[in-house]
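Take a look at the structure set out below.
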Amino acid sequence: MPQFLRLALVLALVLGGLLGICAANGPARAADIDDLYKSQTIVTGQGEPNRQAGFKICLDAVLVRVAGDQRLTAKPEMAALREKAGGFVTGFRYRDRMEGIPVHDEQGTHDRPHDLFCQYTPATIDPVLASLGSKPWLTERPRLAMFLTSEQGVKHFALDADDERGVLMRESFSNAAAPLAMQVAFPTAAQLSQAGLDDQTLRSAEMTKLDAIAKKAGADQALSGSLVWSDKELGWIADWRLAMAGKTYTWQVRGVSFDEAFRVAMRGAAQILSGNGQPE
């Protein structure tokens, strides 16, 4: 092989390696950004008043999704931002939630429930975050393994990946993670058993131990919690734990459905992992 061809081949290989490194460690791909800067809600029909109400909800949702900080929506500046929420939307579309069901009686398409999907761009949302003292959370979001114990009267169990008792809870966890662009996983019964964990020992298990099991379950780290039904609170009392940078964070919610308990879990986890501190 001529010398100049050999040199060209070496340079091409080096350049290719450098490009590969940049791709692995550089900013998120355009498709990832498009997915991050979006949100959705449910509205009644496609009329302008309901659309504007939906835009306000979607603005709240996309700010929390992008920044990972649930506290943003409680800031006083949000009142003025919501009044011009439609101006931040790059594009939107609807999906009829009763698609395929014929209109009947006096019901028209104007009052059928629709999913409203809103798309945004960094150019419109990042300045809003800056005005609120926040910034985008653009690092790769960890997949969380959920370690949960549930107690309702004499019924108690540890949630795992396969138990029929946990079908609705596993689905609810996934639904709670999606608005925050996060994903969840669940340990198998065998993985819990091999680690000597059940619904009693799981509550006091060290987070380092749970983080190790989380990796075996295909996740990056653990989110641990307990649900206890309270007749007095007319709902569940949920306690959550997550470790980051050598510190274990804890937070609680009382008197809620398990769907709301899991939303509190995921919002709290996002707040911690995005560097926004202790959930309230």
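Numbers here are sequence positions counted from 1.
For Q152, the CD atom sits in a packed shell: over 12 heavy atoms of surrounding residues, nucleotides or ligands are nearer than 6.0 Å. In E48, the CD atom is crowded: over 12 heavy atoms of neighbouring residues, nucleotides or ligands sit closer than 6.0 Å. In K135, the NZ atom is not crowded: 12 or fewer heavy atoms of neighbouring residues, nucleotides or ligands sit closer than 6.0 Å.
None of R165, M169, K155 except one satisfies the side chain to side chain contact (heavy atoms under 4.5 Å, CB included) rule with S150; the exception is M169.
No side-chain heavy atom of H114 sits less than 4.5 Å from a side-chain heavy atom of T44. Counting only heavy atoms from C-beta outward, the side chains of M266 and L223 approach each other to under 4.5 Å. For the pair D115/I42, a side-chain contact is recorded, criterion being any heavy-atom separation below 4.5 Å from C-beta on. The shortest side-chain heavy-atom distance between E151 and R203 falls under the 4.5 Å cut-off. Proximity of F186 to D160: side-chain heavy atoms (C-beta onward) are nowhere separated by under 4.5 Å. Side-chain contact check for L242 versus Q221: some heavy-atom pair is nearer than 4.5 Å. The shortest side-chain heavy-atom distance between M78 and L81 falls under the 4.5 Å cut-off. P122 places a side-chain heavy atom less than 4.5 Å from the side chain of I33.
For the residue pair P142 and M182, the shortest heavy atom distance occurs at O-CE, 4.1 Å. R95 and F117 get closest at one heavy-atom pair: CB-CE1, 3.8 Å. Nearest heavy-atom pair, A67 versus L129, reported as atom, atom and distance to 0.1 Å: CB-CD2, 3.9 Å. The two residues K209 and L197 make their nearest non-hydrogen contact at NZ-CD2, 4.2 Å. When all heavy atoms of L180 and R141 are compared, the pair lying nearest together is O-NH1, 2.7 Å. A pairwise comparison of heavy atoms in G277 and Y249 identifies C-CE2, 4.3 Å as the closest pair.
For the residue pair Y37 and D126, a side-chain donor N or O sits within less than 3.5 Å of a side-chain acceptor on the partner. In summary, the side chains of R51 and Y94 do present a donor paired with an acceptor at a separation below 3.5 Å, with no hydrogens or angles considered. Side-chain atoms of D60 and T73 form no donor-acceptor pair, as typed in the model, at a separation below 3.5 Å. S172 and N175 are not linked by any side-chain donor-acceptor pair at a separation below 3.5 angstrom, with hydrogens and angles left out of the test. With hydrogens and angles left out, the side-chain atoms of D239 and Q252 include a donor and acceptor closer than 3.5 Å. Side-chain polar atoms of N276 and S274 form a donor-acceptor pair below 3.5 angstrom.
Under a 3.5 Å cut-off, the side chain of Q183 and the backbone N or O of A177 do not form any donor-acceptor pair. Checked by atom type and distance alone, the side chain of D211 pairs as donor or acceptor with a backbone atom of A222 at under 3.5 Å. Using a distance-only test at 3.5 Å, with no hydrogens or angles considered, no donor-acceptor pair links the side chain of S193 to the main chain of A190. Looking at K56, its side chain never comes within 3.5 Å of a backbone N or O of E83 through a donor-acceptor pair. Of the possible donor and acceptor atoms, one in the side chain of Q191 sits under 3.5 Å from a partner among the backbone N and O of T188.
A salt bridge links E260 with R267; the closest basic N to acidic carboxylate O contact falls under 4.0 Å. We find that D96 and R112 are joined by a salt bridge, their nearest charged nitrogen and carboxylate oxygen being less than 4.0 Å apart. With respect to D220 and K215, no salt bridge is recorded, no charged nitrogen being found less than 4.0 Å from a carboxylate O. Checked for salt-bridge contact, D35 and R65 meet the test: a charged N lies under 4.0 Å from a carboxylate O.
Summarising the geometry, atom CZ belonging to R71 is positioned 4.5 Å from atom CD belonging to Q271; distances are rounded to the nearest 0.5 Å. Considering CG of D69 and CG of L63, their distance stands at 10.0 Å, rounded to 0.5 Å. The structure places CD1 of I237 at 9.0 Å from OG of S226, a figure rounded to the nearest 0.5 Å. Expressed to the nearest 0.5 Å, how far CG of L192 lies from CZ of F147 amounts to 6.5 Å. With rounding to the nearest 0.5 Å, the separation of NE2 in H156 from CG in D198 is 9.5 Å. How far CD of Q119 is from OG1 of T124: 9.5 Å, rounded to the nearest 0.5 Å.
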Begin from the C-alpha positions of E77 and R82 and carry the test salt bridge (Lys or Arg N to Asp or Glu O under 4.0 Å) through to its verdict.
-> CA-CA 9 Å; E77 299 94 326; R82 291 186 186 104; over 6 Å; no
Side chain to side chain contact (heavy atoms under 4.5 Å, CB included) between D199 and F157, intermediate numbers included = CA-CA 5 Å; D199 62 306; F157 68 97; 5.5 Å; no
Show your working on side chain to side chain contact (heavy atoms under 4.5 Å, CB included) between L210 and R241 and close with a plain yes or no.
-> CA-CA 11 Å; L210 298 184; R241 295 186 295 153; 3.9 Å; yes
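The side chain to side chain contact (heavy atoms under 4.5 Å, CB included) search around A238 returns L227, W240, V253, A261, not counting sequence neighbours. In this structure F258 satisfies the ring pair (Phe, Tyr, Trp, His ring centres under 6.0 Å) test together with F262, sequence neighbours excluded.
When the side chains of ILVMFWY residues are joined at heavy-atom separations under 4.5 Å, either directly or via intervening members, F92 and V128 end up in a single hydrophobic cluster. No chain of hydrophobic side-chain contacts below 4.5 Å, direct or via other Ile, Leu, Val, Met, Phe, Trp or Tyr residues, connects V228 to L168. Both W137 and L144 are part of a single hydrophobic cluster, where members link through side-chain heavy atoms under 4.5 Å apart. L148 is connected to V264 through a chain of hydrophobic side-chain contacts under 4.5 Å among Ile, Leu, Val, Met, Phe, Trp and Tyr, so both are in one cluster. Hydrophobic clustering (ILVMFWY, side-chain heavy atoms < 4.5 Å, transitive): M207 and W251 are in distinct clusters.
If you look at F88 and F55, their ring centroids are not closer than 6.0 Å.
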